[in-house]
Amino acid sequence: MENHTLTHEFPEYVQKIAELKASDEKFLKMYVNYEEVNALITHYEEGEQNHTTDEHLTDLRKKRVHLKDDIYNYLHQN
């Protein structure tokens, strides 16, 4: 399975991510939302949760991409 944690996705922003998590409530909410969606996808992909459809998993992956894009844009603006 591919690693999609934010620090893996954006290694050049590890320090900035840590700083924003500690000081920016809006960023923290985006970060937590992304990590929750990513963890859910990982559970489904690893077979820990077999009660989903391909369509639901695809929707979760799309949501993860949109959240990642939002976070990337936020990192560039701040």
Side-chain angles (χ1 to χ4, degrees):
M1 293 289 131
E2 193 171 332
N3 185 348
H4 289 281
T5 61
L6 285 176
T7 53
H8 185 264
E9 294 288 334
F10 305 124
E12 69 276 20
Y13 290 110
V14 170
Q15 183 63 36
K16 190 168 190 177
I17 289 169
E19 291 169 4
L20 287 172
K21 280 174 34 183
S23 66
D24 188 315
E25 188 70 27
K26 182 178 178 180
F27 181 82
L28 180 60
K29 287 179 183 179
M30 288 190 298
Y31 177 88
V32 168
N33 194 4
Y34 177 90
E35 291 297 322
E36 288 174 346
V37 170
N38 188 50
L40 187 56
I41 291 168
T42 300
H43 286 299
Y44 284 134
E45 288 177 341
E46 292 176 351
E48 295 176 28
Q49 302 261 346
N50 293 321
H51 305 293
T52 192
T53 63
D54 287 341
E55 182 179 303
H56 182 240
L57 191 53
T58 297
D59 288 342
L60 286 171
R61 288 179 179 140
K62 287 178 184 177
K63 183 174 181 178
R64 179 174 62 190
V65 168
H66 290 294
L67 289 166
K68 187 172 104 173
D69 288 346
D70 290 345
I71 289 168
Y72 180 79
N73 288 330
Y74 199 84
L75 288 168
H76 273 64
Q77 293 173 356
N78 292 291

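- Taking OH of Y74 as the reference point, atom CZ of F27 lies at 8.5 Å (rounded to 0.5 Å).
- A single hydrophobic cluster is not seen to contain both I17 and V65; linkage of ILVMFWY side chains at heavy-atom distances under 4.5 Å, directly or through other members, places them apart.
- H43 contributes atom NE2, which lies 13.0 Å from atom OG1 of T52 (distance to the nearest 0.5 angstrom).
- Shown here are the side chain to side chain contact (heavy atoms under 4.5 Å, CB included) partners of T7, two or more places apart in sequence or in another chain: T5, V14.
- For the pair N38 (side chain) and Y34 (backbone), a donor-acceptor distance under 3.5 Å is absent.
- We find the CE-CG distance between M30 and L67 to be 9.0 Å, quoted to the nearest 0.5 Å.
- The side-chain heavy atoms of H66 and K63, taken from C-beta on, include no pair separated by under 4.5 Å.
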Let's go through L20 and L28 carefully: what are the C-alpha distance in whole Å and the side-chain angles of both, what is the deciding distance for side-chain contact (heavy atoms from CB on, under 4.5 Å) to 0.1 Å, and is it a yes or a no?
CA-CA 7 Å; L20 287 172; L28 180 60; over 6 Å; no

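- Sorted by first then second residue, the salt bridge (charged side-chain N to carboxylate O under 4.0 Å, His left out) pairs that include residues 22-42, not counting sequence neighbours, number zero.
- Once rounded to the nearest 0.5 Å, the distance linking NE2 of H56 with CG of L40 reads 6.0 Å.
- Atom CG of L60 is separated from atom NZ of K62 by 11.0 Å, given to the nearest 0.5 angstrom.
- No more than 12 heavy atoms of other residues, nucleotides or ligands sit less than 6.0 Å from atom CD of E55.
- The shortest non-hydrogen separation linking K21 to Y31 is NZ-OH, 3.4 Å.
- More than 12 heavy-atom neighbours from other residues, nucleotides or ligands sit within 6.0 angstrom of CG on N73.
- With sequence neighbours left out, the salt bridge (charged side-chain N to carboxylate O under 4.0 Å, His left out) criterion links E9 to K68.
- Note that OH of Y13 is 13.0 Å distant from CD1 of I71, once rounded to the nearest 0.5 Å.
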